[in-house]
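Following: one structure in structure tokens, then a few remarks.
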Amino acid sequence: MPVMQMRLMREIRFSLGPESPESRPMGNSWSGVPGSDALVPHVILRAIVTGPVDPRTGYLCNITVIDRLLRDHAIQWLRRESAGPTRGGCVAGALRHLWPVVEPHTPRPASLVTLTLCVTPHLSFTVNRGDPHMVSMTYAFEFSAAHRLYCEDMSAEENQRTFGPCTNPNGHGHNYVVSITLTGDPDPRTGTIIDLGACERIVNAAVIDRFDHKHLNMDCPEFSTLNPSVENITRVVYDKLDGAFAPATLTRVRVYETPKTYAEYTGE
Ligand code: NI
């Protein structure tokens, strides 16, 4: 069998407490070492590596080796960084400095593709090998809205056949999650790619305040003629936000209609 190139993702979950979890046996690596001794941040660090798959073992890289890489090099560094004066108090700046701490120790022939630090389930930062000086921030928002999927030029039967219960004349609702990814060069003074408060004001004004608790077809001119499918909602959100975060760039919009369905747009 020819040698395959593959990508492999591994994440570790840990708390940034003063005590090193490495000093005691790992009790529950699924949930991470609990931070019950103190109120400390619990974070997730995710690595994606790429490389050839060994035809004998079927392994790209033993995951215990990736765990060691992250635990030996990343956690200690992050713990020191979070305890001391931080680089502008910002995760984006810290993560960029973490890349050269971790990357040289990646076990060959694997190579590190991305490092992602999830500081909450809804806010994460990523650096990638293409340009490890740039940092991407992914941040999630939500709005609740009703919509009706319906095409004016279709008969009632055709709408029913195409959209099923989603064409119910009085609409139906979803709790939408809008996840945006911004990419930028962290400001050397602040360590941020964008002020989080400014980012929130932009997304709230352009998207959330316009769509939350609305009937998209009836209350929002964007969808007076455009069918509010999750694909079209995603495109509308992208167009509203594209260019709004300068000097950071909007690199991806993902809209979840349900936890099982999302559409994603990264620009033309
Ligand atoms: Ni729907």
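Whatever order the structure lists ligands and atoms in, that order sets their numbers, starting from 1. On a predicted model such as this, the values are computed, not experimentally measured, just so you know.
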A side-chain contact here means heavy atoms from C-beta on lying under 4.5 Å apart; do Val237 and Tyr176 qualify?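 They are not in side-chain contact.
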Can you sort out the partners of Phe211 under ring pair (Phe, Tyr, Trp, His ring centres under 6.0 Å), two or more places apart, ordered by chain and number?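 Expected list: Phe143, Phe223.
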Can you check whether His147 and His172 have ring centres sitting under 6.0 Å from each other?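 Ring centres of His172 and His147 closer than 6.0 Å.
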Angle between ring planes, His105 versus His73, binned at 30° and 60°: parallel, tilted or perpendicular?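 Ring orientation of His105 relative to His73: parallel.
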Number of protein N, O or S atoms [distance to the Ni ion (ligand 1) under 2.8 Å]: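 Number of qualifying protein atoms: 3.
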Residue pair Asp185 / Ile193: nearest heavy atoms and the distance that separates them: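 Residues Asp185 and Ile193, closest heavy atoms: C-CG2, 4.1 Å.
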Minimum heavy-atom separation for Pro228 to Ile233, with atom names?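 So the minimum-distance heavy-atom pair works out to O-CD1, 3.5 Å.
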